[in-house]
Amino acid sequence: QVQLVESGGGLVQAGGSLRLSCVGSGRTSGEAAMGWFRQAAGKDREFVAGISRSSELYYADSVKGRFTISRDNAKKMVSLQMNSLKPDDTAVYYCAQTPRVAFFATREYMASQKSYVSWGQGTQVTVSS
C-alpha cells in the first residue's frame, strides 16, 4: 500500500513562486515513475510534469520553462518548483506514482493518468492576478 501526501500549496500573486512537495510512505519505490497532475475547477485533470526512474523530465507545454520537477529517492520525495505563476495555474495539484516500471519511459506513458496507480489527496494552488 502506497500513501502519497502533498504539501506546499497556497495563495500567491501572479509572477510569484511556490514549491510543492510529495512524500511517500508504505511501499513507495525508487523503481517507479512519479508525476504531477492538476485539476482546475470545472475542468478535467491534466498532466503537469513527470520524472522517470532514469530521471528524464517531462513537462506540459503550458508549464515548460516555468516549472521544475525533481525527486529524492532516499527521502521518498518528489517536488515541483513553480515559478512565474499565472492565474491559469490555479488548480488542485496531485502527485502520483506508477507501478514498478522500466528504467526508461516514453512521454506518452508519463503523461497518461492511466499509468499511475497511487495518488495523493491534492493541494490547492491559487494564483491571484
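Below, all heavy atoms of this structure are taken into account, side chains as well, without hydrogens, waters or symmetry copies. Computed from a predicted model, the values in this text were never measured in an experiment.
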Let me confirm one number: the [atom1]-[atom2] distance from [X] to [Y], rounded to the nearest 0.5 Å.
| X | Y | atom1 | atom2 | value |
| --- | --- | --- | --- | --- |
| L80 | I51 | CG | CD1 | 11.0 Å |
| I69 | E56 | CD1 | CD | 12.5 Å |
| S115 | E108 | OG | CD | 8.5 Å |
| T68 | R19 | OG1 | CZ | 8.5 Å |
| L4 | C22 | CG | SG | 4.5 Å |
| M82 | L18 | CE | CG | 4.5 Å |

Is there a donor-acceptor pair closer than 3.5 Å between any side-chain N or O of [X] and the backbone N or O of [Y]?
| X | Y | result |
| --- | --- | --- |
| T126 | L11 | no |
| D72 | K75 | yes |
| R71 | A33 | no |

State, to 0.1 Å, how close [X] and [Y] come at their nearest heavy-atom pair, and which atoms those are.
| X | Y | value |
| --- | --- | --- |
| G122 | V92 | CA-CG1, 3.8 Å |
| R100 | E31 | NE-OE1, 3.0 Å |
| P87 | S129 | CG-CB, 3.9 Å |
| Q97 | A32 | CG-CB, 3.5 Å |
| V48 | V63 | O-CG2, 3.5 Å |
| V2 | S118 | CB-OG, 3.5 Å |

Please list, chain by chain and in numerical order, all residues satisfying side-chain contact (heavy atoms from CB on, under 4.5 Å) with S84, sequence neighbours excluded.
R66
Walk me through whether R38 and Y94 qualify under side chain to side chain contact (heavy atoms under 4.5 Å, CB included).
CA-CA 6 Å; R38 68 186 181 187; Y94 300 89; 5.9 Å; no
Looking only at the side chains, is there a donor atom on one of S128 and Q13 sitting less than 3.5 Å from an acceptor on the other?
no
Residue pairs, two or more places apart or on separate chains, that pass ring pair (Phe, Tyr, Trp, His ring centres under 6.0 Å) and touch residues 30-69:
F37-F47, F37-Y116, F37-W119
Just wondering, do L20 and E6 contact through their side chains at under 4.5 Å, heavy atoms?
no
In terms of heavy-atom contacts, does CD of Q121 have more than 12 from other residues, nucleotides or ligands at under 6.0 Å?
no
Walk me through whether V117 and T98 qualify under side chain to side chain contact (heavy atoms under 4.5 Å, CB included).
CA-CA 5 Å; V117 295; T98 68; 5.8 Å; no
Evaluate D61 against K64 for salt bridge (Lys or Arg N to Asp or Glu O under 4.0 Å), listing each step before the verdict.
CA-CA 5 Å; D61 289 342; K64 199 172 295 183; 3.3 Å; yes
